[in-house]
Amino acid sequence: MSGRYFGRKLSQAIVTIAAIILLNFVLFRLMPGSPERATRNPHLTAELVAANRARWGLDKPLFPDQFVNYVGETVTGDLGYSIKYRGQPVVEVVLEAMGPTLLLIGLGEAIAIIFGLALGARSGWARGGLVDRIGNGLSLIFYSMPYFVIGMPLIIIFAAGLHWFPTSGMSTPGGNKDLWATLFDLGRHLVLPLTAVSLGLIGAYSILMRASIIETRAEDYITTARAKGLTDGRILRAHAFPNALLPMVTLIAINLGYVVAGAITAEIVFNWPGLGTLTVQALDARDYPLLQAIFLLVAVSVVFANFAADIVYGYLDPRVQA
């Protein structure tokens, strides 16, 4: 890989992050409402409001005072203190919610990549057959359904109806503190939200992989492989599938970038204590520092995921480096 290509992509990522920092500062200050009144206390006096504004630095001009202060603290890793969580450092709040999100969405991505690529490859290779009609039909259905639409029937059937799994949360309150019992309890709470997230993601991977396989089937090297007497299964595994993966690199990288964002609708439906739920709570409380931290984390993750996709794609297909 050429250093020029790497440097160009890296500089684009740095410029994008700089623009994100500016947008991150401005966006949440344009929202209606004010964080100093987030307590909804009817007895909040003008003096207390002024004190709150001074406490959070909102009494200073946006530019340059608040902006310079924000950029300086962001660069040094100081993301401020949460308004909703009564002065708790934002970094601690975000890190506490990140674990459950990485567990849920990370596992969902891994399952979706494995099954989505396999289903899409088989459907595209057997285009028009029974496997293709069923697989592509299910993929389109799940791809078009939000997580909460997938999750609600799961709760109704398997939680409220059959009582196989808990309806919400990440653990049973007051449960056994034994390690294996704790892991088993976590697993039971994880099954339904993980199923909802995985099904939603499988559809996207399967549809794109199917289209890529169909396009790859028309290539000359596939015809040559058939002329050599190779079986369809070997052609698919050794020739079609690896080449069809190229368009999937970008989708996989972008989705992995969004892993830290969580699936807001899935987390809300299942009351999963991740970043998606935290985002909704921060929005409701007008918690600017917390919202800024979440937005910055998600946006920078997506930028780095795109940067990684560009580098991997340039390695796999040197023609894009031109």
Side chain to side chain contact (heavy atoms under 4.5 Å, CB included) between N24 and Y70, intermediate numbers included:
CA-CA 10 Å; N24 193 29; Y70 165 71; 2.5 Å; yes

Audit row: F241, M209, side chain to side chain contact (heavy atoms under 4.5 Å, CB included) steps and yes/no:
CA-CA 9 Å; F241 187 81; M209 188 62 183; 3.3 Å; yes

Using the side chain to side chain contact (heavy atoms under 4.5 Å, CB included) rule, take T101 and M98 through it: C-alpha gap first, then chi angles, then the decisive distance, then the call.
CA-CA 5 Å; T101 287; M98 188 182 296; 5.6 Å; no

Between L275 and I105, is a side chain to side chain contact (heavy atoms under 4.5 Å, CB included) present by the stated rule, with each step listed?
CA-CA 11 Å; L275 285 174; I105 312 301; over 6 Å; no

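Ring geometry for F158 versus W164: interplanar angle of 30 to 60°, hence tilted. Using bins of under 30°, 30° to 60° and over 60° for the plane-to-plane angle, the ring pair H239/Y221 lands in the tilted bin.
Using a 4.5 Å cut-off on side-chain heavy atoms (C-beta onward), Y205 and L119 make no contact. Proximity of Y85 to L290: side-chain heavy atoms (C-beta onward) are separated by under 4.5 Å at one or more points. Contact annotation: the side chain of I311 approaches that of F307 to within less than 4.5 Å [non-hydrogen atoms, C-beta and beyond]. Using a 4.5 Å heavy-atom threshold, the side chains of L190 and L107 count as touching. Between L23 and F295, some side-chain heavy-atom pair lies under the 4.5 Å cut-off. Counting heavy atoms from C-beta on, the side chains of F184 and D178 never come closer than 4.5 Å. Side-chain contact check for M248 versus L208: some heavy-atom pair is nearer than 4.5 Å.
No continuous path of hydrophobic side-chain contacts links L117 to L140 [ILVMFWY only; heavy atoms under 4.5 Å]. In the hydrophobic cluster analysis, where Ile, Leu, Val, Met, Phe, Trp and Tyr join through side-chain heavy atoms closer than 4.5 angstrom, I264 is grouped apart from M145. One hydrophobic cluster, built from ILVMFWY side chains closer than 4.5 Å, holds both L201 and L194. Residues V71 and L291 fall within the same hydrophobic cluster, defined by Ile, Leu, Val, Met, Phe, Trp and Tyr side chains chained together at heavy-atom separations under 4.5 Å. By the rule that hydrophobic residues join a cluster once side-chain heavy atoms approach within less than 4.5 Å of another member, Y147 and I141 end up as members of separate clusters.
Side-chain atoms of R210 never come within 3.5 Å of backbone atoms of A121 as a donor-acceptor pair (strictly under, hydrogens ignored). Between the N306 side chain and the V302 main chain, a donor and an acceptor come within less than 3.5 Å of each other. Looking at R127, its side chain never comes within 3.5 Å of a backbone N or O of D132 through a donor-acceptor pair. The backbone N or O of K60 lies less than 3.5 Å from a partner atom in the side chain of Q66, making a donor-acceptor pair. One N or O on the side chain of S11 and one on the backbone of R8 form a donor-acceptor pair closer than 3.5 Å. Side-chain atoms of T277 come within 3.5 Å of backbone atoms of W272 as a donor-acceptor pair (strictly under, hydrogens ignored). One N or O on the side chain of D185 and one on the backbone of T172 form a donor-acceptor pair closer than 3.5 Å.
For R226, the CZ atom counts as densely surrounded, since its 6.0 Å shell holds more than 12 non-hydrogen atoms of other residues, nucleotides or ligands. The local environment of CZ in R188 is crowded, with over 12 non-hydrogen atoms from other residues, nucleotides or ligands closer than 6.0 Å. Atom CD of Q281 has more than 12 heavy atoms from other residues, nucleotides or ligands within 6.0 Å. Within a 6.0 Å sphere centred on OH of Y143, heavy atoms belonging to other residues, nucleotides or ligands number 12 at most. Within a 6.0 Å sphere centred on CZ of F115, heavy atoms belonging to other residues, nucleotides or ligands number 12 at most. Counting non-hydrogen atoms of neighbouring residues, nucleotides and ligands closer than 6.0 angstrom, the CZ atom of F304 reaches no more than 12 such neighbours. Few gaps surround CD on E73; more than 12 heavy atoms of other groups in view lie less than 6.0 Å from it.
The ring of Y313 has its center no closer than 6.0 angstrom to the ring center of Y5.
When all heavy atoms of I155 and T167 are compared, the pair lying nearest together is CD1-O, 4.0 Å. Residues V131 and S123 come closest through the heavy atom pair O-OG, 3.8 Å. When all heavy atoms of L278 and A97 are compared, the pair lying nearest together is CD2-CB, 3.8 Å. Between L236 and I213, the shortest heavy-atom distance links the atoms CD1-CD1, 3.9 Å. Closest heavy-atom contact between S168 and N271: CB-CB, 3.6 Å. Across G274 and E267, no two heavy atoms sit closer than the pair C-OE1, 3.2 Å.
Here the straight-line distance linking atom CD1 of I207 with atom OG of S212 works out to 13.5 Å at 0.5 Å rounding. T216 OG1 to I235 CD1: the interatomic distance, rounded to the nearest 0.5 Å, is 13.0 Å. With values rounded to the nearest 0.5 angstrom, I268 atom CD1 is found 9.0 Å from T279 atom OG1. Atom CG of N69 sits about 8.5 Å away from atom CG of D65, to the nearest 0.5 Å. Atoms CZ and NZ, from R234 and K228 in turn, are 9.5 Å apart once rounded to the nearest 0.5 Å. How far CG of L79 is from CD1 of I294: 11.0 Å, rounded to the nearest 0.5 Å.
Between K84 and D284 there is no salt bridge, since no side-chain N of the basic residue sits under 4.0 Å from a carboxylate O of the acidic one.
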